[in-house]
Amino acid sequence: MRSLEVAVLAIVTLICVTDADAQSPYGIGRVATPAEIAGWNTDVGHDGSNLPPGTGSVSHGREVFEQQCAACHGNKGEGGVGDRLVGGQGTLATEKPVRTVGSYWPYAPTLFDYIRRAMPQNAPESLSNDDVYAVSAYILNLNGLLPADATLDAHALAGIEMPNRNMFVGDSRPDVRNPACMTGC
Amino acid sequence: LTTPGFLEISGIAWSGHGKIRRVDVSVDDGKSWQEAQLQEPVLTRALTRFRLPWHWDGTSAVIQSRAIDETGYVQPTLAELLAVRGDNYYYHNNAIWPWRIAADGKVTNAQP
């Protein structure tokens, strides 16, 4: 979640720099067009804001998953070269926590954002919005969070309550104190 | 490293809480630290380059850097971080990372 927020900040900064450069004596660069900005502005909020139109079923998601995801994440999301995506609920407070979408992630819409932005790793942004909804639905189904006959759209995805939703704590920093010793340390 | 003599230690510092105020560098395994020079512009939440000239005498050395941001937060050692967060801690490992330079110039991870 934090890295997504940082990405947003980075984009905002970039736009400001571009704006300033347009008036700079160097005469390089140009202001980004609204269409270009819209193309980059794909962030989905944790509450599902900015989710695009589209729809996808668990069953279609299985097909997409088997073609695009299973090689790294395993046939049932059990993990392989890629992260394990399924299971692990109830393990987070143990010595061997298994952090997956089902056991760890606080918000379901993040799944859509992440898959669309970053997956499959060899061809990110190659899936259609419908396919991303479908594969999100399948991963949620594998985690027991969506029935096998379910179909997801923006409203349905935003309405899913993730099991670990209320187990996060606030940012505890600054909680580690380094005295910044300079000599004789 | 190939030859002893004057070298520049350089790197980038970043904080999610604002500007980098200071970066300290140690070349004696953390026994003493010197303030590095920051390269302008120093902007909030932006990568900030630091540099410190160093004379390497060709003997084994451990070098490391420690960033301090404008809130006064000091980059912790790994031991300090683990003591507070526990060893199942997962994200946001921002610990100081020391590097050992051998007499032959080879650089290896020196995190204890």
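Letters A, B, ... are given to chains in the order of the sequence lines, protein chains preceding strands, and every chain is numbered from 1.
- Side-chain contact check for R85(B) versus D175(A): some heavy-atom pair is nearer than 4.5 Å.
- Other residues, nucleotides and ligands contribute more than 12 heavy atoms inside 6.0 Å of the CD atom of E66(A).
- Shown here for R22(B) and M182(A), the closest heavy-atom pair between the two residues is NH2-SD, 3.6 Å.
- Of the atoms belonging to L43(B), not a single heavy atom falls under 4.5 Å from chain A.
- More than 12 non-hydrogen atoms from other residues, nucleotides or ligands lie less than 6.0 angstrom from CG of N109(B).
- Here the side chain of D24(B) pairs no donor or acceptor atom with the backbone of A180(A) at under 3.5 angstrom.
- The CZ atom of R99(A) sits 5.5 Å away from the CG atom of N88(B) when rounded to the nearest 0.5 Å.
- In the hydrophobic clustering of ILVMFWY residues, with side-chain heavy atoms under 4.5 Å counting as a link, W54(B) and I96(B) come out apart.
- Heavy-atom contacts from other residues, nucleotides or ligands closer than 6.0 Å to CZ of F168(A) number more than 12.
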| message | Under the criterion side-chain contact (heavy atoms from CB on, under 4.5 Å), I'd like the reasoning laid out for Q75(B) against N178(A): C-alpha separation, chi angles, the key distance, then a yes or no. | response | CA-CA 7 Å; Q75(B) 185 180 5; N178(A) 179 342; 5.8 Å; no
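- Put simply, the side chain of E80(B) reaches to within 4.5 Å of the side chain of P179(A), judged on heavy atoms.
- Other residues, nucleotides and ligands place more than 12 heavy atoms under 6.0 Å from the CD atom of E36(A).
- Heavy atoms closer than 4.5 Å to chain A are found in the side chain of V84(B), but not in its backbone.
- Side-chain heavy atoms closer than 4.5 Å link hydrophobic residues (I, L, V, M, F, W, Y) into clusters, and following such links, possibly through other members, connects L111(A) to L51(A).
- When each of P97(A), G184(A), P174(A), C185(A) is checked for heavy-atom pairs under 4.5 Å with chain B, C185(A) comes out on top.
- Applying the 6.0 Å contact sphere to NE2 of H55(B) captures more than 12 heavy atoms from other residues, nucleotides or ligands.
- Heavy atoms of other residues, nucleotides or ligands lying less than 6.0 angstrom from CD of E161(A) number 12 at most.
- Looking at R177(A), the atoms closer than 4.5 Å to chain B (heavy atoms on both sides) all sit in the backbone: N, CA, C or O.
- Between V176(A) and Y73(B), some side-chain heavy-atom pair lies under the 4.5 Å cut-off.
- Distance check: C181(A) SG to K31(B) NZ gives 11.5 Å after rounding to the nearest 0.5 Å.
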